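What follows is a short report on a single structure.
What you see is a predicted model; the values in this text were computed from it and never measured. FYI, the numbering just counts along the sequence from 1.
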Amino acid sequence: MRWIFRILSALVATALLLVALVFVLPGEKIAGLAADQIEAQTGRRLTFLGDVRFTLWPILGVKSEAVTLSNADWAGPEPMLTAERLSIGISASDLLLGKVRVTEVSALLPHLNLSEREDGLGNWVLEGRGAAAPAGSGGQSQRQQADIPAISIEKLTLAGASVRYRPHQGAPVELSAMDLVLNWPDPSGTVNVDLNFLPLGAPMRVQAEVGTFTSFLSGNVASVGATVSADGGMLRFDGRADLTGAATGRITAKATDTSAFLAAFGQAGITLPRGLGQALSLGADATYTTDGRLALRDMALDLDGNQLQGALDLTLTEVPQFTAQLNGTHLQVPGLAPVAAGGGSGAPSGSAAASSVGWSKEAIDAAALGLANGTAVLSFKSLNAAGYELGASKLSLTLDRARGVLKLQPAVLFDGLVQGQVVANNRNGFSTGGKLSFSGIRLEKALDQVAGYDRMNGEALGELEFLASGNTVDELMHSLSGKGWLEVNKGFFSGFDLEGLMRSGKGNGGSTVFDQLTGSYDIAQGNMRNDDLLVTLKGLRAEGAGRIGLGARDLDYLFSPTIAGVNGGNGLTIPVSITGPWADPKIRPDLKNALQPQIDEVEAEAKERLREKLSEELETEITPEQDLNEVIRDRIEQEAKDQLQRLLLGD
């Protein structure tokens with residue numbers, strides 16, 4: 001908005017200079033005299049590059065084929081204004097009365113070269129206006145200035161205009177193909193401006209009203225109303241502003257196609273999901289300062305039906321800085337698709353089809369992390385987005401040089417509470433990590449939506465730390481590392497019946513109900529390893545250890561359930577092997593390992609009996625530590641030596 005004010009005011013100020021041409025009659029001598037008068041008043045040199053002539057029809061006035069107006073001394077050698085043709089119409093009746101009422105100033109293909117210096121002064125501000133005559137000009141010049149009547153202008157028309165505006169800080173703004181109509185019927189009243197141009201390749205229209213325009217051009221604050229229209233939307237400001245662009249008032253906006261509207265401002269290619277502002281409306285009290293700071297208060301925002309209230313502070317630099325506080329009620333963002341477990345198959349995340357395909361290998365676009373820096377706090381009663389349903393929550397998002405930190409303070413998720421933070425970093429490739437604590441989480445919802453696994457049910461308490469890097473979900477899951485612990489009171493596994501497996505050896509299908517589950521885990525290279533799982537069931541106790549492939553989406557895990565023994569005995573343990581993909585794991589009892597303790601016991605008893613028998617036969621004591629084979633071998637060797645000795649000695 002600031003640069004629009006500056007350019008419009010420069011156009012009008014320049015036009016006021018050129019109306020002095022009404023005093024120019026045919027002839028180079030008089031044209032030169034007029035140029036001298038303008039230079040005496042403004043400090044700028046007006047040069048006629050073509051013929052200057054007086055016209056009677058169709059408009060009384062002056063016309064010149066080519067005109068230039070010099071620049072301020074500090075702004076460089078290029079002219080501030082050039083025009084292919086300049087026409088000025090005046091009121092004949094007022095001229096007879098000694099007044100100059102300009103009915104119209106029109107310029108064909110004018111070009112304005114505008115700039116600002118460090119103190120904010122624009123080169124269109126005419127420091128020499130009203131100054132005393134230059135030294136040595138004599139009384140004649142003073143009399144000539146005194147004879148110049150007051151001048152007003154009713155209408156300014158620019159056709160095919162172009163502007164180059166160079167602020168003291170920031171990139172230059174260049175506009176072309178501009179058509180401007182300015183109506184100013186009352187010199188002490190309001191001016192109306194209608195500007196059509198192509199600022200960044202898309203058509204835009206600015207319609208503005210400025211009260212007490214003379215005072216506004218002098219640098220004072222004036223009432224301003226302005227509407228900016230472009231494809232897809234409009235922006236309206238009503239308040240007070242000055243030439244520097246500083247403004248305060250009420251801003252309203254409405255967009256039926258926000259992407260098209262943003263494209264007109266140079267932000268082409270931005271596609272907003274439904275629910276985040278494909279169509280929007282905005283109302284807020286706004287304050288803008290010359291250092292590029294915009295403050296919005298009492299803000300009401302509607303994004304595709306999602307209603308938010310709050311405040312925003314925005315600093316318009318190369319990378320915008322922001323601080324926002326927003327409050328919403330029941331928010332819906334259906335345009336954010338859930339993270340696909342498969343590679344775009346569209347299958348539900350917990351289905352066999354999705355699990356068999358694997359994680360998505362589509363490239364992650366995290367460029368949005370670098371668009372701005374700042375912090376936004378969002379509170380709401382509910383939020384449905386990306387396949388997740390959140391209850392009443394408070395979220396804080398901080399962006400800093402392409403690194404985003406989302407804090408949950410807390411969030412109601414999966415019917416429980418989650419606190420902590422999640423980090424997404426796109427500074428040198430994409431990575432993500434976080435540290436979360438949770439309670440009351442429904443595992444069947446959490447595991448289904450996060451990992452595409454829905455065979456475990458229960459209410460969980462625990463902690464999780466994780467870190468992953470990669471440009472796709474597949475790469476992230478295969479690089480995942482971290483640690484955590486989990487505790488679940490009363491739940492069940494679906495897909496196998498542990499009790500049935502223990503009693504009949506057939507456990508596929510059905511479910512296993514447990515009273516408590518506890519365990520801790522470590523994650524490295526996409527593999528979760530657990531060695532201390534403990535599950536208690538009615539009449540059973542199960543320990544577990546093994547690997548869960550988070551990247552490969554597979555299992556290699558061993559349950560070791562034990563049926564309580566009779567009269568306090570040790571009971572029977574039958575390990576259960578679970579292997580294969582998440583979608584269709586193979587569940588088999590390990591009978592060999594289950595019977596190994598009994599086999600070892602029988603072997604031990606047989607060895608003891610054999611040791612006792614050999615001790616009797618060999619008439620020597622054999623200790624349990626001795627190897628029976630070695631004892632027998634040694635006895636045979638000794639017996640052979642004895643027999644040989646008897647033979648040699650003739651006994």
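Counting all heavy atoms, side chain and backbone alike, A367 lies closest to N426 at N-ND2, 4.1 Å. Of all non-hydrogen atoms in G549 and R547, the two that sit nearest each other are CA-NH1, 3.4 Å. Residues H111 and S162 come closest through the heavy atom pair ND1-OG, 2.7 Å. Pairing each heavy atom of W485 with each of F438, the nearest pair is O-CZ, 4.4 Å. The nearest pair of heavy atoms linking A366 to F430 is CB-CD1, 3.7 Å. The two residues M234 and S229 have their closest heavy-atom pair at CB-OG, 4.1 Å.
Residues N306 and V333 have side chains in contact (heavy-atom distance under 4.5 Å, counting atoms from C-beta outward). Side-chain contact between F261 and D231 is absent, with no heavy-atom pair separated by less than 4.5 Å. Between V206 and F197, the closest side-chain pair of non-hydrogen atoms falls below 4.5 Å. A 4.5 Å side-chain heavy-atom check between Q207 and V193 finds every atom pair outside the cut-off. By the 4.5 Å heavy-atom criterion applied to side chains, N327 and K381 are not counted as neighbours. Residues V488 and F514 meet the side-chain proximity criterion, which asks for heavy atoms closer than 4.5 Å. Contact annotation: the side chain of L175 approaches that of M178 to within less than 4.5 Å [non-hydrogen atoms, C-beta and beyond]. Considering only heavy atoms from C-beta on, E459 stays 4.5 Å or farther from L443 through its side chain.
Distance alone, capped at 3.5 Å, places no donor-acceptor pair between the N425 side chain and the S469 backbone. Put simply, the side chain of W582 gets close to the backbone of D554: a donor and an acceptor are under 3.5 Å apart. Under the 3.5 Å distance criterion, the side-chain polar atoms of T227 are left unmatched by any main-chain donor or acceptor of R236. At least one donor-acceptor pair under 3.5 Å links the side chain of T432 to the backbone N or O of V423. Counting only distance, with no hydrogens or angles, the side chain of N530 and the backbone of S520 share a donor-acceptor pair below 3.5 Å. Here the side chain of N384 pairs no donor or acceptor atom with the backbone of Q332 at under 3.5 angstrom.
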Evaluation steps, side chain to side chain contact (heavy atoms under 4.5 Å, CB included), between L390 and F380: CA-CA 9 Å; L390 281 74; F380 50 82; 3.9 Å; yes
Audit row: Q278, D304, side-chain hydrogen bond (donor to acceptor under 3.5 Å, both in side chains) steps and yes/no: CA-CA 6 Å; Q278 289 185 355; D304 300 316; 5.8 Å; no
Salt bridge (charged side-chain N to carboxylate O under 4.0 Å, His left out) assessment of D400 paired with R427: CA-CA 10 Å; D400 179 26; R427 292 176 181 172; 3.8 Å; yes
Derivation of the side chain to side chain contact (heavy atoms under 4.5 Å, CB included) call for Q419 and Q409: CA-CA 6 Å; Q419 297 188 79; Q409 304 177 313; over 6 Å; no
Chi angles and distances behind the side chain to side chain contact (heavy atoms under 4.5 Å, CB included) call for V377, L395: CA-CA 6 Å; V377 178; L395 309 179; over 6 Å; no
Worked verdict on F237 versus L235 for side chain to side chain contact (heavy atoms under 4.5 Å, CB included): CA-CA 7 Å; F237 173 80; L235 179 68; over 6 Å; no
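In the model, T375 has a side-chain atom that pairs as donor or acceptor with a side-chain atom of T398 under 3.5 Å. E174 and Y165 are not linked by any side-chain donor-acceptor pair at a separation below 3.5 angstrom, with hydrogens and angles left out of the test. Counting only N and O atoms by type, the side chains of Q307 and D302 include a donor and acceptor under 3.5 Å apart. No donor-acceptor contact under 3.5 angstrom links the side chains of R240 and S223, judged on distance only. Remark: the S215 side chain and the N220 side chain contain an N/O donor-acceptor pair separated by less than 3.5 Å.
Distance check, rounded to the nearest 0.5 Å: CZ of R117 to CZ of R166 gives 14.0 Å. Taken from CG in L308 to CG in L280, the straight-line distance is 11.0 Å, to the nearest 0.5 Å. Summarising the geometry, atom CE belonging to M528 is positioned 5.5 Å from atom CD1 belonging to I548; distances are rounded to the nearest 0.5 Å. Here OG of S379 is found 9.0 Å from CG of L326. Values are rounded to the nearest 0.5 Å. Atoms CG and CG, from L180 and L158 in turn, are 4.5 Å apart once rounded to the nearest 0.5 Å. Here OG of S431 is found 8.5 Å from CG of L476. Values are rounded to the nearest 0.5 Å.
Heavy-atom neighbours of R442 CZ from other residues, nucleotides or ligands within 6.0 Å: above the threshold of 12. Heavy-atom neighbours of E463 CD from other residues, nucleotides or ligands within 6.0 Å: above the threshold of 12.
Using a 4.0 Å cut-off between a side-chain N of Lys or Arg and a carboxylate O of Asp or Glu, R250 and D285 qualify as a salt bridge. A salt bridge between D313 and R293 is absent, with no side-chain N of the basic residue lying under 4.0 Å from a carboxylate O of the acidic one. Between D474 and R553 there is no salt bridge, since no side-chain N of the basic residue sits under 4.0 Å from a carboxylate O of the acidic one.
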